[in-house]
Amino acid sequence: MKIKEILKDKEPHISFEVFPPKTDAGYESVLSATEKIAALKPSFISVTYGAGGGTSKNTVNIASHIQNDLGVVSLAHLTCASSTKDEVRQVIGKLKEEGIENVLGLRGDIPDDVQFPVSNQYKYAYELIQDIKSQGSFCVGAACYPEGHVETEHKKDDIENLKNKVECGVDFLTTQMFFDNNILYNFLYRIREKGITVPVLPGIMPVTNSKQMKRICSLSGTALPERFRAIVDRFGDDPKAMQQAGIAYATDQIIDLIANGINNIHIYSMNKPEVAEAIMYNLSEIVKV
């Protein structure tokens, strides 16, 4: 099933993201975590495409396992930064062979000390999206940034870039993580004013340790509300307490989003089935599976 069809449903849906292992040695543990998350019956599971190509080769394998063996719709990521145009076409061919209809087209994080773009590489996500669309009837998603992309100085320019990307054939958008729902509501108002009407899935990150939070902020420039900072200050040195508090905070965000009419939420699970399970338990009477 194409994700754009799932998004037409008026009932709340939860989806999750998993990422392939950094080495082949970690493949089985990632597969095990993915199977536990799939057992929660999310609307779909996305599989990331690692920066620098280190984890890229397993994306199609895991996405195929999710869809063809576990019976959950899968969404395969593809990035400009990790692949040449020829490699992208090879991956698209494999996705077709496995019957995977959903692709998320991203520029991707550029690894340190790596020249980008090189010859035969896409520079911008919209170029990749155009190519994906030209090679089949894929449902294509893209990323958006409620607080503005870290490399774009003005938010209005970021929205113009987003509009250009959507006009290349994007069927839905998934946001970068955020910790203040008001930031999302303001973003939705601004993009709708500019004529961007495709569905937008909020991306929610349950932060379960303080080191994870610091890395997130350094990479994305995500703002942290004082309420969230207080949680980290109080519980950051106690892993179990921080995990419980992070799950509770993410759950509160999701409930607020659903209460305000946003029915499709994407959760960055970090390959932690126990976190995914706890959130689904907290939502058991709100999100019916």
Side-chain angles (χ1 to χ4, degrees), residues 12-23 26-48 50-51 55 62 66 72 77 109 143 145-147 174-181 183-184 201-258 262 264-284 286-287 289:
H13 290 276
I14 300 294
S15 55
F16 292 101
E17 178 181 283
V18 297
F19 56 86
K22 292 182 178 179
T23 65
Y27 186 78
E28 291 302 322
S29 64
V30 170
L31 218 58
S32 174
T34 300
E35 289 168 356
K36 291 174 183 175
I37 291 171
L40 301 172
K41 299 180 180 179
S43 59
F44 67 88
I45 298 176
S46 71
V47 187
T48 67
T55 65
I62 295 172
I66 290 167
V72 176
H77 291 211
D109 297 327
Y145 305 87
E147 295 170 80
T174 303
T175 78
Q176 185 182 57
M177 69 202 75
F178 57 91
F179 298 97
D180 180 349
N181 286 1
I183 290 172
L184 177 78
L201 281 70
I204 300 298
M205 168 74 82
V207 175
T208 57
N209 66 70
S210 55
K211 288 182 180 178
Q212 177 189 20
M213 181 206 69
K214 291 175 183 176
R215 184 174 182 275
I216 289 165
C217 294
S218 66
L219 287 174
S220 65
T222 302
L224 295 177
E226 286 303 317
R227 175 169 167 251
F228 187 76
R229 289 180 182 274
I231 289 171
V232 176
D233 287 344
R234 176 66 178 84
F235 304 115
D237 294 330
D238 184 336
K240 290 185 178 179
M242 186 63 225
Q243 177 166 303
Q244 190 172 58
I247 290 168
Y249 190 93
T251 301
D252 186 51
Q253 276 192 276
I254 293 166
I255 291 171
D256 179 75
L257 290 166
I258 294 172
I262 298 174
N264 296 281
I265 318 292
H266 193 55
I267 299 176
Y268 301 114
S269 71
M270 303 300 290
N271 292 9
K272 294 180 179 179
E274 69 278 10
V275 172
E277 184 178 7
I279 289 175
M280 293 302 281
Y281 176 81
N282 290 344
L283 301 171
S284 60
I286 296 170
V287 179
V289 297

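One is the number of the first residue; the rest follow in order along the sequence. Because only heavy atoms are used, hydrogens play no part in the values below, and waters and symmetry mates are left out as well, while side chains stay in. Quick caveat, the model's predicted, so the values are computed rather than measured.
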Side-chain donor or acceptor of Ser32 paired with backbone N/O of Glu28 under 3.5 Å:
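Side chain of Ser32 to backbone of Glu28: no pair is present.
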Within the distance-only criterion (no hydrogens, no angle test), does the side chain of Asn271 pair as donor or acceptor with the backbone N or O of Phe19 below 3.5 angstrom?
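Yes.
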With a 6.0 Å cut-off (strictly less than), is the heavy-atom count around [atom1] of [X], excluding the residue itself, greater than 12?
X: Glu274; atom1: CD; answer: yes
X: Asp238; atom1: CG; answer: yes
X: Glu35; atom1: CD; answer: yes

I need the Ser15 OG to Ile267 CD1 distance, nearest 0.5 Å.
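It comes to 7.5 Å.
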Can you tell me how far apart OG (Ser43) and NE2 (His266) are? Round to the nearest 0.5 Å.
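Nearest 0.5 Å value for the OG-NE2 distance: 9.0 Å.
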Quick one: sort the Phe179 and Tyr249 rings into parallel, tilted or perpendicular, breaks at 30° and 60°.
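Because their plane-to-plane angle lies in the 30° to 60° range, the rings of Phe179 and Tyr249 count as tilted.
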Could you go through the side chain to side chain contact (heavy atoms under 4.5 Å, CB included) check for Met280 and Phe16 one step at a time?
CA-CA 11 Å; Met280 293 302 281; Phe16 292 101; 3.8 Å; yes
Taking the six-membered ring for Trp and the single ring otherwise, decide whether the centroids of Phe44 and His13 are under 6.0 Å apart.
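No.
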Side-chain contact, heavy-atom cut-off 4.5 Å: Met270 with Val275?
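No, every pair of side-chain atoms sits at 4.5 Å or beyond.
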Could you check if a side-chain atom of Asn282 sits within less than 4.5 angstrom of a side-chain atom of Ile254, using non-hydrogen atoms only?
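The answer is no; the side chains never approach within 4.5 Å.
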Closest approach of Thr34 to Ile45 (non-hydrogen atoms, all atoms of both residues)
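Heavy atoms of Thr34 and Ile45 come nearest at O-CD1, 4.4 Å.
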For Asp180 and Pro225, work out which heavy atoms get closest and say how close.
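Minimum heavy-atom contact is CB-CG, 3.9 Å.
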